[in-house]
Visitor: 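Let me give you the structure first, and then I'll get to my questions.
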Amino acid sequence: MSIPAHAAGSTPRAPQAAPVLELRGICKQFPGVKALSDVGLRLFPGEVHTLMGQNGAGKSTLIKVLTGVYTPDRGQILLDGAVIRPASTLEAQRLGISTVYQEVNLCPNLSVAENIFIGRYPRRFGRIDWQAMRSQAAALLERMGIRIDVAAPLARYPLAIQQMVAISRALNVRARVLILDEPTSSLDESEVALLFGVLRQLRADGMAILFVTHFLEQTYAISDRITVMRNGEREGEYACAELSRLALVNKMVGAPDHHGADEARPGAELDAALDVGLLARAHAHAPARQPAFLLARGLGRKGALAPLDLDIHPGELLGLCGLLGSGRTEAARLLFGADKADSGAIAIDGKPRAIASPRDAIAAGIGFCSEDRKHEGAVLELSVRENIILALQARGGLLRAIPMRHQQALAEEYVRALGIKTASVETPIGSLSGGNQQKVLLARWLATAPRMLILDEPTRGIDVRAKQEIMDYVAALCRKGMAILFISSELSEVLRCSDRMLVLRDRKACGEFARGELDEHSVLQVIAAGESCA
Amino acid sequence: MFVRHPLFRPLAALALLLLVDLLLIPGFFHLEVKDGHLYGSLIDIVNRAAPLMLAALGMTLVIATRGIDISVGAVVAISGTVAAMLVGGGMVINHGVPEYVSRVPMAWALAAALGAALLCGAWNGLLVAGLGLQPIVATLILMVAGRGLAQLMTDGQIVTVYYQPYFFIGGGYLLGLPFALYIVGAVFLATALLMRRTALGLFIQTVGINPVAARLAGVRTAVLIFLVYVFCSACAGLAGLMISANIKSADANNAGLLLELDAILAVTLGGTSLGGGKFSLVGSVVGALIIQTLTYTIYSLGLAPEVNMVVKSAVVFLVCLSQSAEFKTMWGRLRARALHSKQGGTV
Amino acid sequence: MNTMRMNPIQVRWRALLASPYFTSLVTVALLAVLLAAGGASYPGFLSLQVLFNLLIDNAFLLVIAVGISFVILSGGIDLSVGSVLALSTMVAAWLLQVWHLPPLLVIAVVLLLGAGFGAAMGALIHYFKLQPFIVTLAGMFLARGLCYLISVSSITITDPLFVAMSQTQLAVPGGFVSPGVLIALLTLALAIYMGHYTPFGRALYAVGGNEQSALMMGLAVGRSKVLVYAFSGGCAALGGVLFSFYMLSGYGLHAQGAELDAIAAVVIGGTLLSGGYGYVAGALSGVLVLGTIQTLIAFDGTLSSWWTKIVIGGLLFVFCVVQRLMGRAAA
Amino acid sequence: AKPLVIGFSQVGAESEWRTANTVSIKDAAKQAGVTLKFADAQQKQENQVKAIRSFIAQKVDVIAFSPVVESGWDTVLREAKAAKIPVVLTDRAVNVSDTSLYVTFIGSDFVEEGRRAGKWLLERAAKTPDANLNIVELQGTVGSAPAIDRKKGFEEVIAANPRLKVIRSQTGDFTRAKGKEVMEAFLKAEGKKINVLYAHNDDMAIGAIQAIEEAGLKPGTDIVVISIDGVKGAFEAMIAGKLNVTVECSPLLGPQLMQIARDVVAGKPVPKRITTVEGVFPAEVAAKEFPNRKY
Ligand SMILES: Nc1ncnc2c1ncn2[C@@H]1O[C@H](COP(=O)(O)OP(=O)(O)OP(=O)(O)O)[C@@H](O)[C@H]1O
Ligand SMILES: Nc1ncnc2c1ncn2[C@@H]1O[C@H](COP(=O)(O)OP(=O)(O)OP(=O)(O)O)[C@@H](O)[C@H]1O
Ligand SMILES: [Mg+2]
Ligand SMILES: [Mg+2]
């Protein structure tokens, strides 16, 4: 049952205490975009409050306003009933608001430990106590299930680890309000479970937690209340238990709530409605297997990946499964030539082919959408159009510039096809919301019409509805003969989509399974036991 | 809209400087025709700014890729020296009548000089793109050694050129305007066209903003960086020819000394960030004009040489501040506050 | 995994190769090679006093390189240090000789002036979002210009304290050093401590690594940036004081191009010009490398001016390339 | 006997004059059978100090140098004295508290050069007694000793004639390019008012002459051009009638330096100040002198 926002306070389920943090009538305008108009939000102590909305709805902007990154054009922020005007994140932190932003904002040159502690070092005789810092950092990460060398520079670790470090950093602050903007977008379920454990404990201690995610599962697993945003406005505030999934999605996208209040809760039905059906249909008439497009034999790199055999066929969607750090990203990078393999060979269309650099791979018809959009994908100051045509142009060469009209047409086509929310194709990609940036990068590779596409977490940060559309789109391409290597931290997604799965464990392949051979449970078993290790 | 344009501020700064000249220096805008060409302060400024504009054009692309080239001055010295030595000649006195002779055909000499400049660029490019040295050290090597090489060629002497046609490059006039201006114009147009019509502009910016993403998208980052240094040196080489042709000699010791600093200053004044990425060729040209106008103004005002630098720095500070959006808002706030307090006082 | 199968020495060797200071170690090793080569070719080169002279003659450079190190680590640049150094010698000489102020007061005034000058540039850079390169370049013109406003010609310093600092030879085994060397080394030690053990120093690394992130992590980015230019200005002024001990004069043409030497020293010492990576201690090895190259050339004594330049360039080239290749082999 | 070892620290190679100076010293050393340790300071005083320290470490017999700057030599010269190495200055003087720190100074007197230039102008002005002469001056590098002294000497002398007036004075950094650029600006600002150009060195004068020609005036006739140094280029300009006079500042100190060094080592007394013999070359004698010029 949905509760009108204004009435929320009077419902029995609303917390009795006064809100710690309250936003009233927040407006924020960017050149050409009204990101927030008259948005309100209430955050009570001891609750997890989830902010939901489509890509570009204004969630991240709201958080940035709240933490002093942006100054609102209008509106008030109240902390314990008193108006505050944080002018910087520093000030927000001092006021007891601790934040993890959507894009990982850490310093790649500093060590992991330092990234967690910078700004509030343990001291000894007035100087920084490195020893204590390292052991405390290691302990903090341990609590999140991560055992790494905390003295190594952050840049050495994959994005998922960096995200965990960012979260640890936020948890380490003595704060009253904790804000997490899509902290789980590249985490595995086990990590998410650990994180939720910590969050629950914090909630019990009375902390107010604001959480943003696009995963419905997670929303329902942890939140007490949900605020839905749509197009920069607040759609409404609801108690979690009283809002069905379908109703939630409908509110996010602005569809009429025709299913009514008596909608059944279980998630299965929603899944059916949202994606499985479509995908299943997509694969129902999978064409007969053609000879492999790419064959890799013994492909490996010391310290990164044990020699791996892999083949992928046109029209096939191969999923790579594994836990965080199992070597999926490494495998993808080796295939694409982003890192140099020190053993093994690759054959394309049955003919041996050296792939020593991304250029070689692209020339061979391979595309690679990296998991780290901020560092390896987006060229922030350039426009959406330029970002989209970049790879295509690079393949075409320096001199044969794609005519401007063609560029615009191409960009506009993808903006429409993927539903990218942008003022125009000439907007710098940096001012797009995270999910929309991700779509642009996907478009960059789709535009090259590759014969094989490697997708490393392609739907990271993309909202439920768009995710379905994108996976649909990809499946359609696959049906037309594109080979796809798919990596996702959402096991269920991989299971659902792929024709075949390769399971990695400890940087080694430990089994290959056909579609339908495995369910979520058995994959986890394979990963855990590693019995069928090759 | 017009005020938002990135070129508005550099142009406004230049206009302001010219306005000061108009008010303080009588006859500053006076132009007359002398010997069939235009003559006047403005012509001097564009003429003297020509080598700087060239160097700034080259530097712009280097900076756009997040690099820097401090060997520009040395390349100027090398190319000027090579050309002057080859064109060179000496004065022979036949029965008290001086006679001038050239040594090799001028086209060869020019080709050799530009070739030397290209070699310098290739060297820089190799060190930066091939070996991955930091641009500043990589080009520091040539900055130090290059001038030495030029001096080695001339034995530290100033090589005087006596061959008339050579002077045309730096001091000649075509259709009433300095020939050097045509060279700059041609290089500018060619570069701008190349940036517009090919993917070069896009790739250079991409490499400057996010080299990792560029590589993953299949951009040949190393080749691109190499080319950019070659281009920068080529521009410097042309500038060297102009400078040596203008003073009718090659001064390996002093030619282009500190030109690199002026070039970088011109690029930044033109609105291109040293952090790489977006760049503006027109901006750099305007930046060069700002610098030369300033220098010329100082000379024309009759200031004592002791205060030259103070004046120059003050103007640079002012120009920068006038370009800063933050300064504008702060200024606006201060004025608003002053107004407010005044009103408060009257109430 | 792989490491399991390696013997302990291999493990330790790999750890060394992978450690972030490996490049610095390479630099030190190359420096030793350079010195050994000099010792083999020129008699008298390897006497301890020659090494001490390296420090005596480059004390001021070391100090400004330390200051500039921090600026570069924070992702900025300071081109004004050479000029601020010259201005400091000029102001010191002027205050001592014309105003007859007590020397300690003069030193304090000069240091404050330098720090203030730097802070002003830092404030311009931070608050008005101006590019460090332009601001400090203009600062460089300004400081030089101010020298000439004080006096066009050089001013000789006759103050007894300065003279004493200039001529005192502190005996150390194998020779002597000047008090300036001690001051410079103390500054270096302090800077190393600051860079490693104080929040200010670490904030600079963070800002240099990614300014946006540092801001989002709640660091006082603005304050750090202003302070780092103030520190560099202060170091330049201290360099100026050392220089006036060294030369006993104030002059507007002192230390021309010293900023480039200092930047080169810092970069050769393994610090990335783009900020965030490197060690302050690298400044010392960089300064020593440059100094050794010069000493080698002075000992050779047969090079003409242009060959001097070419050989300096050549040695720099060899040094940087070897350093780079060895560093890369490790990575 | 062991050959004499002289350590010589040169300022740099910033001009033709300086190069001629270096060549002269190297040639003289070769002829005299002296081992010369030569170090180039690249215009930096600190480099000269370093070089002198290395000479001390190498235990040379005599140290000679052309100081970049006058002041700041006390400490290192004291070290030389402590090591019992005699010091000879060339070309430029130093300003030290204790003159026993160096043995002698061979070189020109910049102030005197300025005076000579001034005197020549006075005589010339005497020919046209009632005309006012407007002078523009191209100074050397701001703060450098030759610039300061040549300006001083010149001003000292022309003060005698109230009709001589310096109307513009700007630095041309001792280079042709700057000399030309500054002269262009002078010509635009003052136009035909300029009667005399006084340049602190020949290079600037040569640059300025080009500017004068490009302005449609005749250097040497419309504008009297005076400069200092007496390099070959200046003689060429004088032969062509574009330069009126150059005051010699001889760089050929080599033979004298070798002689002095021998004397000093042999313990013979030497005068504290040895001024080089230098002339003033007006245009009239240029063609005759040209073949004799060595630099
Ligand atoms: N710096 C900026 N400049 C201009 N427009 C911006 C800027 N930041 C955000 N926007 C715009 O504001 C709108 C809201 O963006 P926001 O990042 O808040 O979305 P979001 O809800 O977090 O989306 P996502 O789920 O994709 O992260 C978008 O249309 C975006 O283009
Ligand atoms: N739970 C963990 N504990 C310790 N180290 C980990 C863990 N997870 C990842 N790592 C680190 O991650 C690196 C491997 O990451 P890789 O990119 O191969 O992972 P992945 O399988 O692509 O996973 P993801 O992309 O989801 O992070 C290793 O260097 C390892 O140090
Ligand atoms: Mg967002
Ligand atoms: Mg991964």
Side-chain angles (χ1 to χ4, degrees), chain C residues 42-45 47 49-50 53-54 56-58 60-61 89 93 144-145 147-148 151-158 163 165-167 169 176 178 243-258 261 291 294-309 312, chain D residues 5-14 18-19 22-23 26 35-60 68-76 78-79 82-83 94-97 139 141-145 147-149 151-152 171:
Chain C
Y42 309 112
F45 186 89
S47 78
Q49 189 55 47
V50 171
N53 282 348
L54 221 51
I56 297 175
D57 295 330
N58 292 299
F60 75 94
L61 187 60
T89 64
R144 281 258 179 240
C147 292
Y148 299 134
S151 162
V152 175
S153 50
S154 70
I155 305 177
T156 304
I157 297 175
T158 53
V163 172
M165 290 302 268
S166 172
Q167 287 164 9
Q169 301 188 342
F176 66 89
S178 63
F243 204 86
S244 34
F245 290 166
Y246 184 57
M247 297 294 186
L248 286 180
S249 70
Y251 192 27
L253 288 175
H254 270 332
Q256 283 208 302
D261 288 343
Q294 270 176 0
T295 313
L296 277 175
I297 285 168
F299 264 80
D300 184 83
T302 58
L303 298 174
S304 58
S305 301
W306 29 96
W307 277 113
T308 303
K309 288 182 189 153
I312 292 180
Chain D
V5 181
I6 300 182
F8 180 74
S9 166
Q10 180 59 290
V11 172
E14 75 283 5
R18 186 64 61 194
T19 316
T22 306
V23 171
K26 285 191 166 173
T35 309
L36 184 74
K37 291 263 170 195
F38 177 84
D40 180 319
Q42 324 256 341
Q43 275 86 255
K44 289 184 189 165
Q45 186 181 14
E46 55 272 29
N47 287 355
Q48 282 198 311
V49 174
K50 286 173 204 175
I52 293 173
R53 289 224 160 90
S54 85
F55 293 150
I56 299 174
Q58 295 178 77
K59 306 197 171 59
V60 299
V68 178
V69 190
E70 289 187 351
S71 48
W73 297 101
D74 272 287
T75 313
V76 68
R78 247 172 246 280
E79 284 170 30
V94 298
N95 191 348
V96 284
S97 50
Q139 298 184 26
T141 307
V142 180
S144 66
I148 296 170
D149 292 349
K151 182 172 163 61
K152 195 168 127 200
T171 173

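Throughout, a chain's letter reflects where its sequence line sits, starting with A, and its residues are numbered from 1.
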Visitor: Hey, what do you get for CD1 (Ile155(C)) to OH (Tyr251(C)), rounding to the nearest 0.5 Å?
Guide: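 Between atom CD1 of Ile155(C) and atom OH of Tyr251(C) there are 11.5 Å.
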Visitor: Could you tell me which portion of Gln10(D) (side chain, backbone, both or neither) has an atom closer than 4.5 angstrom to a non-hydrogen atom of chain C?
Guide: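 For Gln10(D), there is no contact with chain C at all, as no heavy atom is under 4.5 Å.
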Visitor: Given that the side chain runs from C-beta out, which part of Gln43(D) has a heavy atom under 4.5 Å from chain C: side chain, backbone, both or neither?
Guide: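 No part of Gln43(D) comes within 4.5 Å of chain C.
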Visitor: What are the two closest heavy atoms between Ala298(C) and Ala51(D), and how far apart are they?
Guide: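 Smallest interatomic distance, heavy atoms only, reads CB-CA, 4.4 Å.
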Visitor: Side chain, backbone, both or neither: which part of Leu36(D) has a heavy atom under 4.5 Å from chain C?
Guide: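 The backbone, not the side chain.
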Visitor: Pick from Trp307(C), Phe176(C), Phe245(C): which one has the most heavy-atom pairs with chain D under 4.5 Å?
Guide: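 The answer is Phe176(C).
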Visitor: For Arg53(D), which atoms come within 4.5 Å of any heavy atom of chain C: side chain, backbone, both, or neither?
Guide: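 For Arg53(D), backbone and side chain are both near chain C.
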Visitor: Who wins among Lys309(C), Gln167(C), Gln169(C) for the most heavy-atom pairs under 4.5 Å with chain D?
Guide: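 Looking at each option in turn, the highest pair count goes to Gln167(C).
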Visitor: Non-hydrogen atoms of chain C under 4.5 Å away: do they reach the side chain of Ala145(D), the backbone, both or neither?
Guide: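 For Ala145(D), the contact with chain C is made by the backbone alone.
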Visitor: State which residue, out of Lys50(D), Glu46(D), Gln42(D), fulfils the side chain to side chain donor-acceptor pair (under 3.5 Å) condition with Gln294(C).
Guide: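 The residue from Lys50(D), Glu46(D), Gln42(D) that satisfies side chain to side chain donor-acceptor pair (under 3.5 Å) with Gln294(C) turns out to be Lys50(D).
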Visitor: Could you go step by step and tell me if His254(C) and Ser249(C) meet the side-chain hydrogen bond (donor to acceptor under 3.5 Å, both in side chains) rule?
Guide: CA-CA 9 Å; His254(C) 270 332; Ser249(C) 70; 3.0 Å; yes
Visitor: Once rounded to the nearest 0.5 Å, what's the spacing between atom OG1 of Thr308(C) and atom CD1 of Ile312(C)?
Guide: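 If I round to the nearest 0.5 Å, the distance is 6.5 Å.
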Visitor: Which answer fits Lys26(D), side chain, backbone, both or neither, if we ask what part of it has an atom under 4.5 Å from a heavy atom of chain C?
Guide: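 Side chain of Lys26(D) only, per the 4.5 Å heavy-atom cut-off to chain C.
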Visitor: For the residue pair Leu54(C) and Val50(C), establish whether any side-chain heavy-atom pair is separated by less than 4.5 Å.
Guide: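 No. Closest side-chain heavy atoms not under 4.5 Å.
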Visitor: So which part of Thr19(D) gets closer than 4.5 Å to some heavy atom of chain C, the side chain, the backbone, both or neither?
Guide: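 Only the side chain of Thr19(D) comes within 4.5 Å of chain C.
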Visitor: Would you mind checking which part of Ser97(D) comes under 4.5 Å of any heavy atom in chain C, side chain (CB onward), backbone (N, CA, C, O), both or neither?
Guide: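 Answer is neither: Ser97(D) stays 4.5 Å or more from chain C.
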Visitor: Nearest 0.5 angstrom please: Trp73(D) CH2 to Met247(C) CE, how far?
Guide: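 Trp73(D) atom CH2 to Met247(C) atom CE measures 6.5 Å (nearest 0.5 Å).
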Visitor: Which of the residues Val142(D), Asp74(D), Ile148(D) is involved in the greatest number of heavy-atom pairs with chain C at under 4.5 angstrom?
Guide: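 Highest number of pairs under 4.5 Å: Val142(D).
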Visitor: Using non-hydrogen atoms only, which part of Ser304(C) is less than 4.5 Å away from chain D: side chain, backbone, both, or neither?
Guide: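 Ser304(C) touches chain D through backbone and side-chain heavy atoms alike.
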Visitor: Look at the rings of Tyr42(C) and Phe45(C) and say which category their plane angle falls in: under 30° parallel, 30 to 60° tilted, over 60° perpendicular.
Guide: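 Tilted: the ring planes of Tyr42(C) and Phe45(C) meet at 30° to 60°.
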Visitor: For Val69(D) and Gln45(D), work out which heavy atoms get closest and say how close.
Guide: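 Closest heavy-atom pair between Val69(D) and Gln45(D): CG2-OE1, 3.8 Å.
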Visitor: Is there side-chain contact between Gln49(C) and Ile56(C), with heavy atoms separated by less than 4.5 Å?
Guide: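 Yes - at least one pair of side-chain heavy atoms lies under 4.5 Å apart.
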Visitor: Minimum heavy-atom separation for Thr156(C) to Ser71(D), with atom names?
Guide: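 Taking Thr156(C) first and Ser71(D) second, the nearest heavy atoms are OG1-CB, 3.4 Å.
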Visitor: How far apart are the closest heavy atoms of Ala39(D) and Phe55(D), and which atoms are they?
Guide: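 Minimum heavy-atom separation between Ala39(D) and Phe55(D): CB-CZ, 4.0 Å.
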Visitor: Which one wins on heavy-atom pair count under 4.5 Å against chain C: Ser144(D), Ala41(D), Ala147(D), Ser9(D)?
Guide: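 Greatest number of close heavy-atom pairs with chain C: Ser144(D).
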Visitor: Return the option, out of Leu248(C), Thr158(C), Val152(C), Leu61(C), with the maximum number of heavy-atom pairs under 4.5 Å with chain D.
Guide: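 So the answer, after comparing Leu248(C), Thr158(C), Val152(C), Leu61(C), is Val152(C).
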Visitor: Quick check on Ser54(D) against chain C: is it the side chain, the backbone, both or neither that has a heavy atom closer than 4.5 Å?
Guide: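 The answer is both parts of Ser54(D).
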Visitor: What residue, out of Ala258(C), Ser166(C), Cys147(C), has the most heavy-atom pairs lying under 4.5 Å from chain D?
Guide: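 Most heavy-atom pairs within the cutoff with chain D belong to Ser166(C).
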Visitor: Select one option (side chain, backbone, both, neither) describing which atoms of Lys44(D) are under 4.5 Å from chain C's heavy atoms.
Guide: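 Contact with chain C is through the side chain of Lys44(D) alone.
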Visitor: What residue, out of Glu79(D), Lys59(D), Glu70(D), has the most heavy-atom pairs lying under 4.5 Å from chain C?
Guide: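 Ranked by heavy-atom pairs under 4.5 Å with chain C, first place is Glu79(D).
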Visitor: Given the options Asn47(D), Ile56(D), Thr35(D), which has more heavy-atom pairs under 4.5 Å with chain C than any of the others?
Guide: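 Ranked by contacts with chain C, first place is Asn47(D).
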Visitor: Is Leu253(C) in contact with chain D via its backbone, its side chain, both, or neither, using a 4.5 Å heavy-atom distance?
Guide: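 It is the side chain, since no backbone atom gets that close.
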Visitor: Given that the side chain runs from C-beta out, which part of Tyr148(C) has a heavy atom under 4.5 Å from chain D: side chain, backbone, both or neither?
Guide: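 Interface part for Tyr148(C): side chain.
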Visitor: Using non-hydrogen atoms and a 4.5 Å limit, figure out which bit of Ser47(C) sits close to chain D: side chain, backbone, both or neither.
Guide: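 Neither part; nothing is under 4.5 Å.
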Visitor: To the closest 0.5 Å, what do you measure between CG (Asn53(C)) and OG1 (Thr295(C))?
Guide: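 Asn53(C) atom CG to Thr295(C) atom OG1 measures 8.0 Å (nearest 0.5 Å).
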